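Ligands are counted one by one from 1 in listed order, and the atoms in each one are counted from 1 as well. We use all heavy atoms of the structure for the numbers below, so side chains are in, but hydrogens, waters and symmetry mates are not. Small disclaimer: the values here were computed from a predicted structure and weren't measured.
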Amino acid sequence: MRILIYWFRNDLRLADNPAFTRACLNADHLLPVYIHDSKEQGTVYGFERQGPHRKIFLRASLDDLKAQLQAQGSDLLEFSGKPSQVLLQLLQDTAANAIYCEQIEAPEEIEQVRILQDQGADVKEFWQSSMLDPQTFPFELEKMPDVFTAFRRELEKVKLKFAQPIDVPKKIPSLPAALPPASILPSRTQAVSHPYLLGGASHAHAHLKQYLERRLPDSYKVTRNQLIGMDYSSKFSAWLALGCISARDIAAQLNEYENCHGANDGTYWLWFELLWRDYFRFIHFKYGQKLYRASGLTGIPVSPSYVFSFEQWRTGNTGTELVDAGMRELHQSGYLSNRMRQIVASYWIYDMKGDWRAGAAWFESQLIDYDVYSNQGNWLYIAGRGTDPRGGRPFNIAKQTQDHDPKEIYRKLWLSPE
Ligand code: FAD
């Protein structure tokens with residue numbers, strides 16, 4: 001009798017989830033769990049590591065996952081605590097043989113697995129959060145090109161394609177007889193989690209479907225730098241971050257779209273952005289912990305963060321209107337366009353001389369699409385401590401304001417009292 005625990009991490013889906021499918025195939029009884037990590041509660045900067053928008057989006061995504069598991073006779077049990085401790089206790093309580101989960105190649109997540117393994121737990125990890133399969137690359141990840149353009153060109157040269165997504169497992173093994181009491185009893189989220197978006201796999205697939213049906217990829221390249229609205233960019237990010245939908249699934253549907261309507265600049269640019277997402281994942285295999293040093297991959301020291309200026313930036317009270325509008329949008333909605341993310345990050349690093357890590361921590365707390373690889377990677381990039389050949393990206397705020405908000409519409413939207 002083989003009992004397995006499936007530990008859902010940032011892969012809150014049943015479709016195209018090879019790790020979960022493998023667990024289903026190998027288990028007689030399967031216990032699907034999610035652990036709310038107690039480390040999420042605080043940061044050294046005094047705010048929650050997981051802010052309210054992220055919590056709501058996560059809650060909705062977990063409810064959706066739970067409903068899908070229940071529809072197949074299984075369930076999702078939620079716990080709260082230190083993942084390694086919770087899982088070790090669960091292994092004992094259920095007499096499970098092993099834990100299956102997706103692999104996350106970031107320091108804290110690597111450490112969680114290492115502790116489990118040190119305690120003798122059998123943990124099977126599967127890499128599955130990228131669009132492309134690194135096993136098919138023409139280079140080893142440890143030797144991947146540092147610069148994104150070189151990375152992309154090498155992959156384009158060999159015409160590398162995403163792997164085909166796989167279906168929801170045909171059968172999910174029943175729960176083990178000895179079930180521990182879940183420490184968290186979820187309540188179904190009725191509230192809309194976000195002005196634009198709802199968590200969970202069902203909403204992710206519905207959103208992708210309408211995005212393609214409305215032919216929005218065609219205009220993506222032209223609209224992607226806009227600041228206001230639902231359609232200027234794909235808004236896939238929050239679902240991708242929690243794994244409600246896989247990047248391969250999006251890639252496969254985009255591929256079908258191109259077969260049906262033809263490839264164009266817009267569809268190519270979406271591939272291009274999804275490749276950035278992969279790039280920031282893979283660079284972790286090469287540099288690991290180094291990406292988490294204050295100096296990143298360089299020897300440049302960080303300037304100390306001044307509490308007062310950080311508060312000004314964080315709360316949208318710097319006196320620079322475009323920046324303040326962006327920071328208020330972020331705080332009020334949990335989302336910010338890519339253009340505004342670049343502008344406010346640059347302003348914090350170069351104009352306010354702030355510590356990029358404090359900025360990254362605030363984004364982590366606020367963004368519903370917080371993703372450890374993309375957040376770390378983009379902040380390092382703008383701070384010139386990552387792999388950017390130009391050594392940093394200071395933005396000229398006056399020019400950005402003129403280019404992207406010439407009629408003051410965005411600034412008025414977020415700065416005027418409600
Ligand atoms: P689209 O423009 O429609 O792009 C499609 C998809 O491509 C996105 O969903 C995303 O998965 C990927 N993508 C696009 N741009 C990037 C990029 N620069 N880097 C990596 N992937 C990209 N993205 C996150 O998902 N999580 C984060 O925590 C995050 N933090 C960021 C921090 C900073 C300082 C900056 C400048 C960017 C950050 N990004 C992050 C990248 C990017 O801003 C968002 O992915 C994008 O704005 C999400 O909106 P969208 O889904 O409509 O993107």
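- In this structure, the protein non-hydrogen atom closest to atom 15 (N) of ligand 1 is Glu273 OE1, 3.2 Å.
- Protein heavy atom nearest atom 50 (P) of ligand 1, with residue, atom name and distance: Lys235 N, 3.5 Å.
- The nearest heavy-atom contact from the protein to atom 45 (O) of ligand 1 is Ser237 CB, 4.1 Å.
- Both tests pass for Lys161 against the ring of Trp271: distance under 6.0 Å to the centre and angle within 45° of the axis.
- Geometric assessment of Arg390 against the ring of Tyr381 yields a negative cation-pi assignment under the 6.0 Å and 45° thresholds.
- Not close to ligand 1: Tyr381, with no non-hydrogen atom less than 4.0 angstrom away.
- Nearest protein heavy-atom neighbour of atom 29 (C) of ligand 1: Arg341 NH1, 3.4 Å.
- Taking every heavy atom of Phe236 and a limit of under 4.0 angstrom, the matching atoms of ligand 1 come to 9 (O), 51 (O).
- Protein heavy atom in closest approach to atom 25 (O) of ligand 1: Asp369 O, 3.5 Å.
- Nearest to atom 33 (C) of ligand 1 among the protein's heavy atoms is Asn378 CB, 3.4 Å.
- Taking the side chain as every heavy atom from C-beta outward, Gln342 and Arg393 never approach each other to under 4.5 Å.
- Within the 4.0 Å heavy-atom cutoff, Tyr335 counts among the residues contacting ligand 1.
- Under the 3.5 Å distance criterion, the side-chain polar atoms of Tyr350 are matched with a main-chain donor or acceptor of Ile382.
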